[in-house]
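Below is one structure; the comments refer to it alone.
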Amino acid sequence: MHYELLKVAVLLSGGVDSSVVVHELVSMGCEPDCFYIKIGPEEEEEWDCTSEEDLEMATAVARRYGLTLQVIDCHKEYWEQVTRYTMEKVKAGFTPNPDVMCNRLIKFGAFHEKKGHEYDLIATGHYAQTEVDEEGRKWLVTSPDPVKDQTDFLAQIYDWQLKKAIFPIGHYQKDEVREIAEREHLINAKRKDSQGICFLGKINYNDYLRRYLGEKPGLVIDIETGKKVGMHKGLWFHTIGQRHGLGFGGGPWFAVKKNIKKNMLFVSHGYDPKTAYKQTFKVHDMHFLTMDPWAEMPEGKHDITFKIRHTAEHMHATIERVDEETYEIKAEKPIHGVAPGQFCVIYDSQHHRCYGSAEITV
RNA sequence: GGAAGUAUGGUGUAAUGGUAGCACAACAGAUUUUGGUUCUGUUUGUCGUGGUUCGAAUCCACGUACUUCUA
């Protein structure tokens with residue numbers, strides 16, 4: 001691709017990955033504009049030093065390559081859209097994935113409305129690739145680094161967003177990116193990767209929930225014996241497959257099921273209880289990134305691979321359409337902690353192309 | 001109202017007169033751009049008051065609390 005002829009915007013976070021993106025683009029003859037998306041915690045006093053440091057790093061990298069850097073404030077959009085999504089899901093008893101929605105709504109959403117629309121391409125530091133087939137369709141493709149692969153976080157973006165997205169470091173492994181950063185003496189070459197919900201900073205997730213939803217105590221029942229084990233402080237503090245957070249002795253206890261109406265949490269006892277696993281489950285609101293790969297033959301089972309969380313392995317499975325809304329996934333092996341509300345990200349059987357994602361239902 | 005039993009960290013349990021140990025939880029790190037999972041590490045306790053003893057979680061007395069049985 002002839003980047004030098006195109007207007008490219010880079011989302012610089014202050015981390016190594018997006019900094020190497022800048023380096024890659026520049027060395028291909030491109031002169032991108034850099035943007036730092038600002039989204040701190042809600043209260044000013046909760047700003048931690050890492051977000052200040054992020055901006056400093058981003059500024060330094062842009063300057064190093066003689067590029068402009070603009071700060072785009074998406075604070076309001078984040079708290080209105082991503083937080084609202086998170087709270088609505090969690091209140092209804094689901095386990096949301098804020099970072100997936102952040103990519104759709106903020107990095108490729110709110111930013112696009114504010115600035116991105118002026119550009120031909122938007123580059124980010126995601127570990128993901130794209131490829132174009134004979135028909136000219138653009139597909140999202142996994143990274144060669146299975147641990148770092150971030151296609152799962154991109155599996156809810158719209159087709160027009162994917163068309164504009166480029167991932168200049170997507171063909172590298174993490175250590176290659178680090179090497180480039182060190183070789184180029186980038187200021188943040190050795191900086192630790194960020195983790196946790198991208199924009200929460202140091203706020204604890206449970207405190208975040210408590211602030212919006214408070215507490216709502218209810219019963220905790222042993223699903224095997226039907227006996228009361230104790231009380232929980234609110235169903236939203238627990239997710240399916242979770243072990244910690246209950247505070248009871250005599251465990252370990254794993255959360256396996258929720259009854260929203262009765263505000264009850266069911267738990268299973270033991271180190272690796274069967275009831276914490278599911279091999280078959282349903283998903284809905286299927287979102288295809290490029291197209292429905294089974295449009296030609298909607299009936300029957302199709303071999304796929306999938307992930308229900310950010311892990312290195314893809315699970316083999318078959319997928320079958322149950323009705324307009326719903327698909328059923330039959331995994332090759334039982335999966336621990338299949339939590340409704342999480343996205344099941346669907347790949348081809350070689351886990352090469354990412355087809356899209358759907359929300360796991362109850 | 002009687003009788004018996006029990007009382008050990010936040011929880012569940014070991015230690016029959018000799019260094020209070022284990023599990024779970026909690027906390028902290030590691031891993032992970034979601035929730036989680038997993039791994040490593042750390043903290044916390046003998047119901048109260050007396051007594052016996054070189055030495056008491058352990059034996060004795062009283063108190064307190066709980067449990068069961070019985071009128």
Side-chain angles (χ1 to χ4, degrees), chain A residues 11 13-18 37 39 50-51 54 78 82-83 85-87 89-107 124-128 143 145-156 167 169 174 177 191-201 203-209 220 222 228-232 234-256 258 267-273 276-278 307-313 334-345 357 359-360:
Chain A
L11 298 184
S13 69
V16 214
D17 299 332
S18 55
I37 296 181
I39 305 177
T50 63
S51 41
D54 282 337
Y78 185 86
V82 179
T83 298
Y85 150 82
T86 304
M87 294 307 153
K89 282 293 171 190
V90 125
K91 206 169 165 185
F94 297 103
T95 306
N97 189 329
D99 285 357
V100 165
M101 287 320 241
C102 178
N103 280 316
R104 172 198 274 203
L105 299 171
I106 306 299
K107 288 181 194 159
T124 69
H126 285 104
Y127 285 82
S143 156
D145 188 330
V147 176
K148 278 299 175 180
D149 175 64
Q150 286 167 325
T151 49
D152 47 335
F153 290 104
L154 294 165
Q156 277 282 314
F167 311 111
I169 60 154
K174 180 76 197 193
V177 170
R191 217 170 161 224
K192 190 171 161 18
D193 288 359
S194 67
Q195 51 187 241
I197 297 177
C198 19
F199 294 108
L200 277 192
I203 305 181
N204 178 285
Y205 183 67
N206 282 341
D207 293 342
Y208 176 58
L209 295 179
V220 179
D222 181 341
K228 175 185 164 181
V229 185
M231 301 291 287
H232 68 256
L235 282 182
W236 38 79
F237 298 118
H238 304 96
T239 185
I240 304 306
Q242 186 173 7
R243 168 172 171 173
H244 297 92
L246 267 335
F248 312 140
W253 300 97
F254 288 87
V256 295
K258 291 179 180 182
V267 295
S268 191
H269 184 258
Y271 281 92
D272 205 15
Y277 286 82
K278 263 193 181 177
K307 288 195 208 179
I308 60 159
R309 58 169 62 85
H310 185 67
T311 50
E313 312 97 303
I335 318 276
H336 189 267
V338 180
Q342 290 278 283
F343 293 106
C344 177
V345 185
S357 57
E359 192 187 283
I360 298 168

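Sequence lines set the chain letters: A, B, ... in the order given, protein chains first and strands last, and positions in each chain run from 1.
A:Gln156 CD to A:Asn103 CG: the interatomic distance, rounded to the nearest 0.5 Å, is 10.5 Å.
Contact annotation for A:Lys192: backbone-only contact, meaning every heavy-atom pair under 4.0 Å involves sugar-phosphate atoms and none involves a base. If you check every strand for non-hydrogen atoms under 4.0 Å, A:Ile308 touches a base. No engagement by A:Val90 is indicated, since no non-hydrogen atom pair under 4.0 Å with the nucleic acid exists. Counting non-hydrogen atoms under 4.0 angstrom, A:Gly241 reaches the backbone sugars and phosphates but no base. Note on A:Gly15: nothing from the nucleic acid sits closer than 4.0 angstrom, heavy atoms only. Residue-level contact check: A:Phe343 touches neither bases nor backbone, having no heavy atom under 4.0 Å from any strand. Contact annotation for A:Gln242: backbone-only contact, meaning every heavy-atom pair under 4.0 Å involves sugar-phosphate atoms and none involves a base. Nucleic acid contact class of A:His238 (heavy atoms, under 4.0 Å, all strands): none.
Side-chain atoms of A:Asp149 and A:Thr151 form a donor-acceptor pair, as typed in the model, at a separation below 3.5 Å.
If you check B:A25, B:U33, B:U34 against the side chain of A:Pro98, the one that comes closest is B:U34. When distances run from any side-chain atom of A:Thr239 to the nucleotides B:U38, B:G35, B:U33, the shortest one goes to B:G35. Closest to the side chain of A:Tyr271, out of B:U34, B:A23, B:U33, is B:A23.
Across all strands shown, B:C39 forms a Watson-Crick or G-U wobble pair with B:G29, both key distances being under 3.5 Å. Summarising the base pairing, B:U58 is matched to no nucleotide, lacking a Watson-Crick or G-U wobble pair whose two defining distances lie under 3.5 Å. Under the Watson-Crick or G-U wobble criterion, with both distances below 3.5 Å, B:C22 is paired with B:G12. Of the nucleotides present, none pairs with B:U44 by Watson-Crick or G-U wobble criteria with both distances under 3.5 Å. In this structure, B:A7 and B:U64 make a Watson-Crick or G-U wobble pair, each of the two defining distances being under 3.5 angstrom. The base-pairing partner of B:C69, taking Watson-Crick or G-U wobble contacts with both distances under 3.5 Å, is B:G2.
Between A:His244 and B:A25 there is a side-chain N or O to OP1 or OP2 distance below 4.0 Å. The side chain of A:His310 contributes no N or O atom lying less than 4.0 Å from OP1 or OP2 of B:U34. For A:Arg309 and B:G35, the shortest distance from a side-chain N or O to OP1 or OP2 is not below 4.0 Å.
Salt bridge present: A:Asp17 and A:Lys174 bring a charged side-chain N and a carboxylate O closer than 4.0 Å.
With sequence neighbours excluded, the residues that form a salt bridge (Lys or Arg N to Asp or Glu O under 4.0 Å) with A:Lys89 are A:Glu359.
Ring orientation note: the planes of A:His336 and A:Phe254 are nearly perpendicular, at an angle over 60° on the 30°/60° scale.
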